[in-house]
There are 2 protein chains.
Amino acid sequence: MKNTVPLAFSDHNHEKCRAASINAAYRQGLRLTKWRQLVLDLLLEDHRSMGAYEILEKLECHGVKPQPPTAYRALEYLVEHGLVHRIEKQNAYVACARPDMCRNAGFIVCKTCRKVAEIEYASSEADLLHIAAESGFETKSAIMEVEGVCADCQKSA
Amino acid sequence: MKNTVPLAFSDHNHEKCRAASINAAYRQGLRLTKWRQLVLDLLLEDHRSMGAYEILEKLECHGVKPQPPTAYRALEYLVEHGLVHRIEKQNAYVACARPDMCRNAGFIVCKTCRKVAEIEYASSEADLLHIAAESGFETKSAIMEVEGVCADCQKSA
DNA sequence: TGTACCGGTGTTACACTATAACGGTTTTTT
DNA sequence: AAAAAACCGTTATAGTGTAACACCGGTACA
Ligand SMILES: [Zn+2]
Ligand SMILES: [Zn+2]
Ligand SMILES: [Zn+2]
Ligand SMILES: [Zn+2]
């Protein structure tokens, strides 16, 4: 078993996370316009998820406060290109924690502090994908989300 | 590999599904009030998911059309007691397909016809749950959802 | 016989999440 | 340069979910 200490729940050099995201964007030749850049920067601040309107409130460029579609457009682009993931259980968004090798992304989500640990789920959960494929199902996307309270939040409660 | 033909995507005696749900409710001594009963009946019609407002529109008792909280209260109760699952990717609800042995429920969801196949995603220890537990995380709930287009819908497209 | 409690219901109003549609501007492609 | 595509600003609206409060019926218990 590898990776028993999820990154998001432990101290780490977060600059590396941030740099990995920027690099991935560059390598893919993505076009990071001002809003996309700003949204991504916000999400890269830490491993917490943010709601679209929470992001929207913090968005601003030269004194201009944009409308909802602006935030949603940026998020849509970033999700499509794998730099951001949507956390379905929270209607929220989080920066991809491993943009250079992101496959079978599963998430461990704290209900209290909203930190999100991103883990590559292994073969066992992927049974579902096998069953889907065997029955002629064409899979478009898959999520595995575990929700609860992280160790830190348990202590402070 | 067992269960390679998901129930929802194949012909089957659906009366048995319906009966299993009713039996489970009875065995657990659940209190199925009129609205709970009506909502459950709606969801038990087949293995398709329904949105809360879709359910609400079809709800009616002696000519009385209830308000949103009525539907949400019934759904909350049924979900809490395991007779109904919430499909996060669709903001929708579906009757539990195996209420007598429902653990580690994963879902294969067709974007087109909204049929939902319910599969136990791992018989042994699921990796994500394992990692969560090892890091002191207290898991409250977990979902695994695979979304795409089922074989039937591919043909008719 | 009250009466205090509790779960369920009815109702209103509101909060949160997300998208449609249109027109204008900038960037890319031909 | 012209055409096409992508992006952005703006308005309005759709879709999903809750807070809050009053009321009603049963039941436990004084
Ligand atoms: Zn980090
Ligand atoms: Zn936490
Ligand atoms: Zn069935
Ligand atoms: Zn189930």
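Sequence lines set the chain letters: A, B, ... in the order given, protein chains first and strands last, and positions in each chain run from 1.
- Checking side-chain atoms of B:Arg86 against main-chain N and O of B:Val79 turns up no donor-acceptor pair under 3.5 Å.
- A donor-acceptor pair under 3.5 Å links the side-chain atoms of A:Gln154 to the main chain of B:Gly136, judged by distance alone.
- Two residues, B:Pro68 and B:Val64, neighbour DNA chain C, and the one matched to the more 5' nucleotide by heavy-atom proximity is B:Val64.
- A:Glu145 places a side-chain N or O within 3.5 Å of a backbone atom of A:Lys89 that can act as its donor or acceptor partner.
- Every residue was checked against the salt bridge (Lys or Arg N to Asp or Glu O under 4.0 Å) condition with B:Lys16, not counting sequence neighbours, and none meets it.
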Could you go through nucleotides 21-28 of chain C and list every protein N or O atom that sits under 3.5 Å from one of its N or O atoms, giving the distance for each pair?
from	atom 1	to	atom 2	distance (Å)
C:dA21	N6	A:Arg73	NH2	3.2

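- Contact check, A:Tyr77 against D:dC8: no side-chain N or O comes under 4.0 Å of OP1 or OP2.
- Rounded to whole angstrom, the span from the CZ atom of B:Arg36 across to the C1' atom of C:dG8 amounts to 7 Å.
- At whole-Å resolution of the value, CG in B:Leu32 and P in C:dG7 are 17 Å apart.
- The list of side chain to side chain donor-acceptor pair (under 3.5 Å) pairs with a residue in residues 65-85 of chain B, not counting sequence neighbours, reads B:His85-B:Glu118.
- Straight-line distance from the CD atom of B:Glu60 to the P atom of C:dG10: 13 Å, rounded to whole Å.
- Side-chain N/O atoms of B:Lys34 include one lying less than 4.0 angstrom from OP1 or OP2 on C:dG10.
- Using a cut-off of 4.0 Å between Lys/Arg side-chain N and Asp/Glu carboxylate O, A:Arg114 and A:Glu54 are scored as salt-bridged.
- B:Gln37 places its CD atom 17 Å from the C1' atom of C:dT9, with the value rounded to the nearest Å.
- One finds no side-chain N or O of B:Thr33 lying less than 4.0 angstrom from the OP1 or OP2 phosphate oxygen of C:dG7.
- Between A:Met50 atom CE and C:dT17 atom P there is a gap of 12 Å when expressed in whole angstrom units.
- Taking atom CG on A:Asn91 and atom P on C:dA15, their separation rounds to 18 Å, with Å as the unit.
- Remark: A:Arg86 is in phosphate contact with C:dA18, judged by side-chain N or O atoms under 4.0 Å from OP1 or OP2.
- Between A:Glu76 atom CD and C:dA20 atom C1' the separation is 13 Å, expressed in whole Å.
- B:His14 and B:His47 have perpendicular rings, their planes meeting at more than 60° on a 0 to 90° scale where under 30° would count as parallel.
- If you measure from atom OH of B:Tyr72 to atom C1' of C:dT11, you get 17 Å, rounded to the nearest angstrom.
- Checked by distance alone, B:Tyr53 brings a side-chain donor or acceptor within 3.5 Å of a matching partner on the base of D:dG17.
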